[in-house]
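Notes follow once the structure below has been shown.
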2 protein chains.
Amino acid sequence: MAQSSAPSVGSVARALDLVELIVGGPENGMTLSEIAKAVGGSKSAVLATLRTLVDFGYLRIVDPGPKYLPGMMLIRLGDLASARDPLITIARPLLEELSAKSGLTIRVARNDGGYPVFIYRVDGPGFVRFHTPLGIRELPHVSSAGKAILAELTDEEIESVVKESGLISRTKNSITKVAELKKELEHIRKVGFATDDEEDAQGIFCVGATFFDHFGKCIGAISATGVKTDMTDAQVSSLGKLIIKYADRVTDEIHGRKISRRAR
Amino acid sequence: MAQSSAPSVGSVARALDLVELIVGGPENGMTLSEIAKAVGGSKSAVLATLRTLVDFGYLRIVDPGPKYLPGMMLIRLGDLASARDPLITIARPLLEELSAKSGLTIRVARNDGGYPVFIYRVDGPGFVRFHTPLGIRELPHVSSAGKAILAELTDEEIESVVKESGLISRTKNSITKVAELKKELEHIRKVGFATDDEEDAQGIFCVGATFFDHFGKCIGAISATGVKTDMTDAQVSSLGKLIIKYADRVTDEIHGRKISRRAR
DNA sequence: AACGGTGTTCGGCAATACAGAACGGACATT
DNA sequence: AATGTCCGTTCTGTATTGCCGAACACCGTT
């Protein structure tokens with residue numbers, strides 16, 4: 001999947017492929033044969049790797065079958081990584097406050113080379129549960145957090161990201177033309193927050209705003225997500241003010257706590 | 001760390017040791033030399049493994065240094081594993097409802113061979129943030145969830161678990177004698193819920209109750225955690241009724257949704 | 001009862017993951 | 001400014017070890 005220029009360990013890569021396969025696999029687990037066939041390896045080699053992963057809790061076995069399922073160590077590592085992340089630690093109480101105040105789902109994303117990577121989420125009380133994945137690069141041009149981050153980049157960086165990710169159309173509102181995107185980013189710079197008006201999913205509306213480290217570099221964005229029908233122009237405007245206010249509070253906290261700059 | 005009887009893959013085990021080391025390591029990351037020294041391997045071999053883990057997002061590098069930190073894939077995998085876990089999916093709305101109603105921190109644990117393994121948590125609105133890890137076996141005798149689970153085991157199973165885990169004293173209230181524990185478990189069976197009266201940590205009070213799969217087997221427990229000073233006898237009693245009610249609702253949902261039985 | 005499908009075990013070969021030394025750069029010290 | 005020490009990185013050889021394929025054992029079905 002991932003590619004680097006330098007020496008790496010093949011058996012580890014194969015093992016991690018297995019984890020991803022099973023985590024993304026069927027709800028009720030996968031059998032050894034299915035897994036071996038999926039990765040194109042021998043059953044004996046795959047079995048040894050699976051055993052190692054089970055020993056470490058990355059996978060677990062359910063009988064009868066036996067079938068392999070995601071293990072509880074994954075939950076543990078995710079929880080620990082979240083608890084240790086200074087940005088999440090800073091943002092969490094603010095997100096919870098904002099979610100309680102607005103009744104919306106609030107998320108925080110890192111700026112990962114121009115792409116938004118959501119790392120924490122506080123669900124609103126609504127019945128609608130969005131399946132918003134964490135910890136992975138999202139399309140930058142169809143989310144409010146992504147567009148807010150894009151608006152902080154230079155023109156060269158924007159073009160580079162857009163060329164790489166492509167202006168994929170997710171709904172009929174998605175921005176698919178570079179010129180249109182640039183105009184939108186200009187507007188975002190003016191008002192200070194970005195919107196997502198059903199550009200990623202039908203019926204979903206978001207607003208987002210960026211925050212900055214002590215070098216002044218944009219290191220991420222927060223966003224609020226709700227259903228489109230709830231949104232009048234006046235509400236968008238006041239929600240925009242609110243999201244800017246909380247993004248600024250994140251910035252303030254970062255400056256107060258001297259958060260470390262992100263890696264490249 | 002973990003041990004099995006069968007063939008396993010050494011380089012994968014070493015790689016996963018690295019992940020645990022770094023996740024449990026210092027806040028600002030570890031350098032290659034530190035890591036190599038900690039695991040007792042050569043720098044070149046450790047470097048190759050680290051590169052692989054970075055490629056897959058399990059670790060990330062921050063400059064300058066370079067230092068290695070937990071990567072965002074860990075958050076992603078934890079989130080996915082949670083989202084896929086049928087027990088978490090069932091329990092989550094109930095936990096949130098109970099947390100909102102009681103103002104307490106609510107957790108759900110699996111019964112993992114007699115040990116409680118907390119897999120999801122809904123923090124209460126209080127200022128006190130408990131560092132309650134997820135995804136790992138906890139001491140059974142010092143938590144309400146653990147004691148509630150123990151109370152569902154046979155005498156042989158109880159003795160086996162207690163012999164293995166040991167009746168370690170965490171506070172002056174911790175139960176350290178087997179006879180006392182059995183008496184307590186008898187009481188729990190009678191009233192239907194378990195308490196933790198500052199047995200794990202000073203000033204912390206919990207109540208917990210179990211739920212069951214469609215074989216009638218106890219597969220876990222939920223618990224509510226608060227500060228001791230808030231707890232009058234009357235409140236403990238009404239909280240006990242409440243936790244039983246919600247645990248029963250979890251059981252009902254499990255039966256309705258035909259959850260799969262746990263391994264073993 | 002025999003077959004297709006499992007998961008598991010066992011040798012043998014070759015790939016490959018490891019160790020160690022040598023390089024090059026950054027920083028601190030003198 | 002020069003030197004020394006630490007770091008990360010690269011390289012090459014060696015032997016470890018992880019892989020394959022076949023054979024075995026086990027259910028369920030036909």
Side-chain angles (χ1 to χ4, degrees), chain A residues 1-19 21-22 25-26 28-56 58-69 71 260-261 263-264, chain B residues 1-22 25-26 28-56 58-69 71 260-264:
Chain A
M1 316 257 130
Q3 184 96 330
S4 108
S5 51
S8 66
V9 182
S11 32
V12 174
R14 276 182 286 269
L16 301 187
D17 278 337
L18 290 190
V19 173
L21 175 70
I22 289 162
N28 48 325
M30 297 179 75
T31 65
L32 171 60
S33 299
E34 289 170 354
I35 298 165
K37 184 178 293 181
V39 300
S42 70
K43 285 195 290 181
S44 52
V46 170
L47 178 61
T49 307
L50 288 173
R51 284 224 171 95
T52 309
L53 291 168
V54 169
D55 283 351
F56 279 79
Y58 283 59
L59 300 178
R60 71 181 215 267
I61 300 179
V62 21
D63 292 319
K67 288 183 171 235
Y68 292 87
L69 285 169
S260 65
R261 184 174 56 155
R264 283 291 274 108
Chain B
M1 318 254 128
Q3 185 97 332
S4 110
S5 52
S8 66
V9 183
S11 32
V12 174
R14 276 182 283 269
L16 301 187
D17 278 337
L18 290 189
V19 173
E20 286 191 42
L21 175 70
I22 289 163
N28 48 325
M30 297 179 74
T31 66
L32 171 61
S33 299
E34 288 169 355
I35 297 164
K37 184 178 291 180
V39 299
S42 70
K43 285 194 289 181
S44 53
V46 170
L47 178 62
T49 307
L50 288 173
R51 286 224 170 95
T52 308
L53 292 168
V54 169
D55 282 351
F56 278 79
Y58 283 59
L59 301 178
R60 69 181 217 267
I61 302 179
V62 332
D63 292 318
K67 286 180 171 237
Y68 292 86
L69 285 169
S260 64
R261 185 173 55 155
R262 273 226 65 240
R264 291 285 229 92

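Reminder, nothing fancy here: chain letters follow the sequence lines and each chain counts from 1.
Using a 4.5 Å heavy-atom threshold, the side chains of B:F56 and A:D17 count as touching.
In terms of heavy atoms, A:A38 sits closest to A:L21 at CB-CD2, 3.8 Å. For the pair A:A36 and A:K43, the tightest heavy-atom approach, listed with the atom from each and the gap, is CB-CG, 3.9 Å. When all heavy atoms of B:L69 and B:N28 are compared, the closest pair comes out as CD2-C, 3.8 Å. Heavy-atom minimum distance, B:T49 versus B:A15: CG2-CB, 3.5 Å. The nearest pair of heavy atoms linking B:M30 to B:E34 is CA-OE1, 3.2 Å.
For B:S44 and C:dA19, a side-chain-to-base donor-acceptor distance below 3.5 Å is present, hydrogens and geometry of angles not being considered. Within 3.5 Å, no donor on the side chain of A:S33 pairs with an acceptor on the base of C:dG5, nor the reverse. Side chain B:K43 to base D:dG8: a donor-acceptor pair is found below 3.5 Å.
Two residues, A:V9 and A:T31, neighbour DNA chain C, and the one matched to the more 5' nucleotide by heavy-atom proximity is A:T31.
Spacing between atom CE of B:M30 and atom P of D:dC7 amounts to 12 Å, rounded to whole angstrom units. Atom CD1 of A:I61 and atom P of C:dT6 are 17 Å apart (whole Å). Distance CG (A:L18) to C1' (D:dC19): 14 Å, rounded to an integer number of Å. One can place CD of A:E34 at 11 Å from C1' of C:dT6, the figure rounded to the nearest angstrom. The interatomic distance linking B:L32 (CG) with C:dA19 (P) rounds to 13 Å, in whole Å. In this entry the distance linking CD1 of A:I35 with P of C:dT8 reads 11 Å, nearest Å. B:D63 has its CG atom 17 Å from the P atom of C:dG25, to the nearest Å. As rounded to whole Å, 15 Å separates atom P of D:dG18 from atom CG of A:L50.
For the OP1/OP2 pair of C:dC18 and a distance below 4.0 Å, the side-chain nitrogens and oxygens of B:R14 include at least one atom meeting the criterion. For D:dT10, one of the phosphate oxygens OP1 or OP2 lies less than 4.0 angstrom from a side-chain nitrogen or oxygen of B:R51. Remark: A:T49 is not in phosphate contact with D:dG18, judged by side-chain N or O atoms under 4.0 Å from OP1 or OP2.
Between B:L16 and the choices A:L53, A:V12, A:D55, the side chain to side chain contact (heavy atoms under 4.5 Å, CB included) rule is met once, by A:L53.
When distances run from any side-chain atom of B:S42 to the nucleotides D:dT9, C:dC18, D:dC20, the shortest one goes to C:dC18.
Counting any heavy atom pair closer than 4.0 Å across all strands shown, A:S11 reaches sugar-phosphate atoms only and no base atom.
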Check: protein-nucleotides 25-30 of chain D nitrogen or oxygen pairs below 3.5 Å:
none

